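To start, the structure under review is shown below, and the notes come after it.
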Amino acid sequence: MKTTPEHNARIAKMTFASVYPHYISKVEKKGRTQEELQEVIQWLTGFDKNKIQELIIEKASFETFFQRAAINPNAHRIHGVICGYRIEAIENPLTKHVRYLDKLVDELAKGRKMEKILRSE
């Protein structure tokens with residue numbers, strides 16, 4: 001599936017604060033912890049727990065969130081399909097970064113080992 005300009009604009013305007021509770025719910029429902037979720041987010045973005053909280057309070061859009069992020073140099077190793085989109089085929093950088101995050105959260109919820117999620121192998 002190819003992303004459209006409208007889809008990319010909608011993703012850019014979404015706030016991280018509106019999605020974060022869904023991430024927490026998803027991983028906790030599957031027996032993972034909020035700390036593990038924060039570790040995954042920090043690996044991808046460089047944001048520690050305090051910075052994540054600041055961005056939530058600020059109601060930062062995904063566009064702002066990822067403009068401030070220091071994307072992990074190994075993020076390009078995140079592959080597969082998430083939300084019907086093949087990550088490697090997404091051309092818009094912001095949409096790709098959001099889907100990276102979605103994929104990492106999905107892998108965490110599915111019980112994948114942290115070393116594999118963080119692409120340390």
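Values reported hereafter were calculated over all heavy atoms of this structure, with side chains retained and with hydrogens, waters and symmetry mates removed. As the structure is a computational prediction, the values presented were derived from the model and not from experiment. Residue numbers start at 1 and run along the sequence shown.
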Side chain to side chain, Y85 and H7, heavy atoms closer than 4.5 Å: yes

- request: Report the C-alpha separation of K49 and E54 in whole Å, then their side-chain angles, then the decisive distance to 0.1 Å, and conclude whether the salt bridge (charged side-chain N to carboxylate O under 4.0 Å, His left out) test is met.
  value: CA-CA 9 Å; K49 183 179 175 179; E54 283 176 30; over 6 Å; no

task: Please examine the side chains of E91 and T3, heavy atoms only from C-beta on, and report whether any two atoms are closer than 4.5 Å.
output: no

- request: Output yes when a side-chain donor or acceptor of R112 lies under 3.5 Å from a complementary backbone atom of I117, and no otherwise.
  value: no

message: Under a 3.5 Å distance rule, please check whether S25 uses its side chain to pair with a backbone N or O of P21 as donor and acceptor.
response: no

query: Is there a side-chain contact between M114 and L108, using heavy atoms and a 4.5 Å cut-off?
result: yes

Of T95, V19, T15, the residue whose pairing with F62 passes side chain to side chain contact (heavy atoms under 4.5 Å, CB included): V19

task: Would you mind reporting whether K103 and I78 have side-chain heavy atoms less than 4.5 Å apart?
output: yes

task: Give a yes or no on whether the backbone of R77 and the side-chain of N74 come within a donor-acceptor separation of less than 3.5 Å.
output: no

task: Can you label the angle between the Y100 ring and the H97 ring as parallel, tilted or perpendicular, going by 30° and 60°?
output: tilted

Sidechain-backbone polar pair: E63 side chain, L94 backbone, donor-acceptor under 3.5 Å: no

task: For V81, check side-chain contact (heavy atoms from CB on, under 4.5 Å) against everything at least two apart and list the hits.
output: R86

- prompt: So do the side chains of I41 and L37 get within less than 4.5 Å of each other, counting heavy atoms only?
  reply: yes

query: Looking only at atom types and distance, does a side-chain atom of N72 sit under 3.5 Å from a main-chain N or O of W43, one as donor and one as acceptor?
result: yes

query: Is the F65 ring parallel, tilted or perpendicular to the F16 ring (thresholds 30°, 60°)?
result: parallel

